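The structure appears right after this line, and notes come after that.
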Amino acid sequence: MNNLQYIIFFSFFTAAGVYFWSFLRRLKQDYVSKVLSRSLLENLSGKGAEIFFCEPVIRQTASLLGKNKTTKKAFHNLLRGRPKSAEKYLLAHGRELDALILSAHFAPEKAAPRLEKYIKKHPDSQQALCALAELYFLSGQKDAGRRVLDCIRLPKAPLYVKGAYWYWQTGFYLKEGDMQSASQACSQAAKYFIKGRYFYAAARAYLLMGTIYRVCFVDDVASFMFRGALDLFRQLKYIPGQAAAYGSLGMLNAASEHFDEAEAYFRQAEELFSGENMPGGQAEIINQLGLLNILRGDYAAAQKHLKAARAKHKENACLPGLAFNAELFSYWAAAVNDDKACLRYARKAERLYSETGNETAYLESLYLQAEALFRQQQDEKAEEILRRIISYAGTHTTAFHVANAYSLLGLSFMRRGELSRAKGLFQQSLEQEQKNDRWIGQVCDYANIGLLELRSGKNEQAQTHLQAAYELAQALGDTDLAEKIKVNLDKLKS
């Protein structure tokens, strides 16, 4: 073997050794990071459904503290939820921002003002801007969060910051009812989180994306997203996240009338929340069990669950939970034909949602009032509320509440015999539904226009619209609605 062969031989084995050492080092870092992430999530799980959890800083801290014996004590203290020694170490090694963000996990209310001061000195720090925006959003300061979010420069931002930007941007699209933009933004967020291996953030994005698809009646994609979130939360051993995923799967199955499967998921979620001593989460699941029993037609069981949930939410002074409970009681009252109670509960929900700043739910509570008044044939009062909805949500051109309001107004004018005005309102509703790809709403609008044309004696136009409604209902798999439409189609053809 000549000298060149020796050089090639030893160079190969040296390179292989360096690669293998690097591989083992990366494995150790991943393991230490995973241990710290799981431990912190366990320590933070009692702080509520949504927690501040910045994975890039957790990963960096694990890498710094887990590499030698001198930092062993700080690392073990951090595992136990005592961050002071870890923060001191980071500050001593010139990592002020990492120390600030680490402290935010344990005392977010104190960290926000300190981050504000840091950003004044370092206005181009994308990580600091992202952390501050997240703290604002999690504390309910949405306007402040958006102002900070708008300062982020995406081309220069790291993967986590890009993902967080699109995750929080999704909420603003949802507020406007723009489901298509919301799903695209949330998909972008999940892509960046997965690429960076930020699995807690990715799980949250999957949960949100699943909810978007559930609301849009795309059940198979929603199920895939919820199960993806559940798998990630299981890997992280984060119990509240698993419970939230089970609850979301329960809501999905309840909406598609798979009631037994829905109840099984809700029971799993309730058990997990109970085991973690999270009465707020448990109360929310009991609320959802109430909704499940409304859909089942078991109104006595629904009332029992809703009363139990209300009591738990009162104990915890949880306004969002009490608002949703009042909304569900309104649905329950409508189902048992008690329109006065329906109106009373809807007004309570309106007041509570106004206090919590939940605009979408606030509009829903107004719509419930309008429906109750419509059923009582108080058309003028119903119209007043529906006009309020259109005015309030008018700036959000894709908001589905606007379409619902136009549709109910159309039914009101149709009942009064003002067919021309009714048709115009149904068409406005249809335009909104088409703009936002809400297929079931389009079925109802086509059917309403068809029935109106039938009543006007315009049989050809009536058949065109009813046929469109029938075909769309069939494509959506709503056989009950398709059969009802077919009855009127058959009358026209006979």
Side-chain angles (χ1 to χ4, degrees), residues 48-49 207 210-211 214-215 217 219 222 226 240 242-353 355-356 358 360-369 371-372 375:
L207 267 185
T211 302
R214 176 176 64 79
V215 171
F217 304 101
D219 291 356
F226 290 145
Q242 294 175 48
Y246 278 128
S248 297
L249 284 165
M251 288 290 280
L252 178 66
N253 280 273
S256 57
E257 299 185 357
H258 297 126
F259 298 132
D260 291 340
E261 293 92 330
E263 183 169 5
Y265 284 126
F266 285 142
R267 295 298 181 191
Q268 283 177 288
E270 186 184 6
E271 186 178 338
L272 289 172
F273 278 131
S274 178
E276 289 291 293
N277 193 26
M278 295 182 69
Q282 192 180 3
E284 202 53 46
I285 295 299
I286 297 172
N287 256 343
Q288 292 170 354
L289 281 166
L291 175 59
L292 171 66
N293 282 295
I294 292 172
L295 296 172
R296 265 180 170 165
D298 189 346
Y299 303 126
Q303 186 182 32
K304 181 181 176 182
H305 281 113
L306 292 178
K307 284 182 177 179
R310 182 172 61 192
K312 280 187 175 291
H313 280 310
K314 278 185 177 179
E315 282 177 27
N316 294 286
C318 178
L319 281 184
L322 286 169
F324 185 50
N325 182 264
E327 181 184 338
L328 291 179
F329 259 119
S330 183
Y331 286 122
W332 170 81
V336 297
N337 299 315
D338 188 346
D339 287 325
K340 288 183 179 179
C342 176
L343 194 58
R344 186 173 68 252
Y345 284 122
R347 283 171 177 160
K348 181 181 178 182
E350 176 197 353
R351 177 176 57 80
L352 292 171
Y353 281 134
E355 289 181 37
T356 60
N358 189 334
T360 300
Y362 171 79
L363 291 169
E364 184 65 25
S365 66
L366 288 178
Y367 187 75
L368 283 169
Q369 293 175 50
E371 281 190 313
R375 287 192 298 271

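In this text the structure is predicted, and so the values were computed from the model without any measurement.
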Only counting residues at least two apart or in another chain, list the ones meeting side-chain hydrogen bond (donor to acceptor under 3.5 Å, both in side chains) with [X].
X	answer
Glu263	Arg267, Arg296
Asp339	Arg375
Tyr367	none
Glu350	Gln369, Arg388

Name all residues meeting the side chain to side chain contact (heavy atoms under 4.5 Å, CB included) criterion together with [X]; count only those two or more places apart in sequence or in a different chain, and write none if there are none.
X	value
Lys304	none
Gln268	Tyr246, Tyr265
Ser248	Leu207, Phe226
Ala341	Ala333, Asp338, Arg344, Tyr345

Indicate yes or no for a side-chain donor-acceptor contact from Trp332 to the backbone of Ile294 under 3.5 Å, with no hydrogens or angles considered.
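Such a contact is absent between Trp332 side chain and Ile294 backbone.
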Under the salt bridge (charged side-chain N to carboxylate O under 4.0 Å, His left out) test, which residues partner Glu355, sequence neighbours left out?
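Glu355 satisfies salt bridge (charged side-chain N to carboxylate O under 4.0 Å, His left out) with Arg351 once adjacent residues are dropped.
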What distance do Asn293 atom CG and Gln288 atom CD have between them, rounded to the nearest 0.5 Å?
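CD of Gln288 is found 12.5 Å from CG of Asn293.
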Out of curiosity, Gln303 CD to Leu328 CG, how far, rounded to the nearest 0.5 Å?
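These two atoms lie 13.0 Å from each other.
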Expected list for residues 320-327: side-chain donor-acceptor pairs under 3.5 angstrom, two or more places apart:
unit_1: Asn325; atom_1: ND2; unit_2: Asn287; atom_2: OD1; d: 2.8
unit_1: Asn325; atom_1: ND2; unit_2: Leu306; atom_2: O; d: 2.9
unit_1: Glu327; atom_1: OE1; unit_2: Tyr353; atom_2: OH; d: 2.6
unit_1: Glu327; atom_1: OE2; unit_2: Tyr331; atom_2: OH; d: 3.4

Quick one: list whatever passes ring-ring contact (aromatic ring centres under 6.0 Å, His included) with Phe266, sequence neighbours left out.
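With sequence neighbours excluded, Phe266 shows a ring-ring contact (aromatic ring centres under 6.0 Å, His included) to no residue whatsoever.
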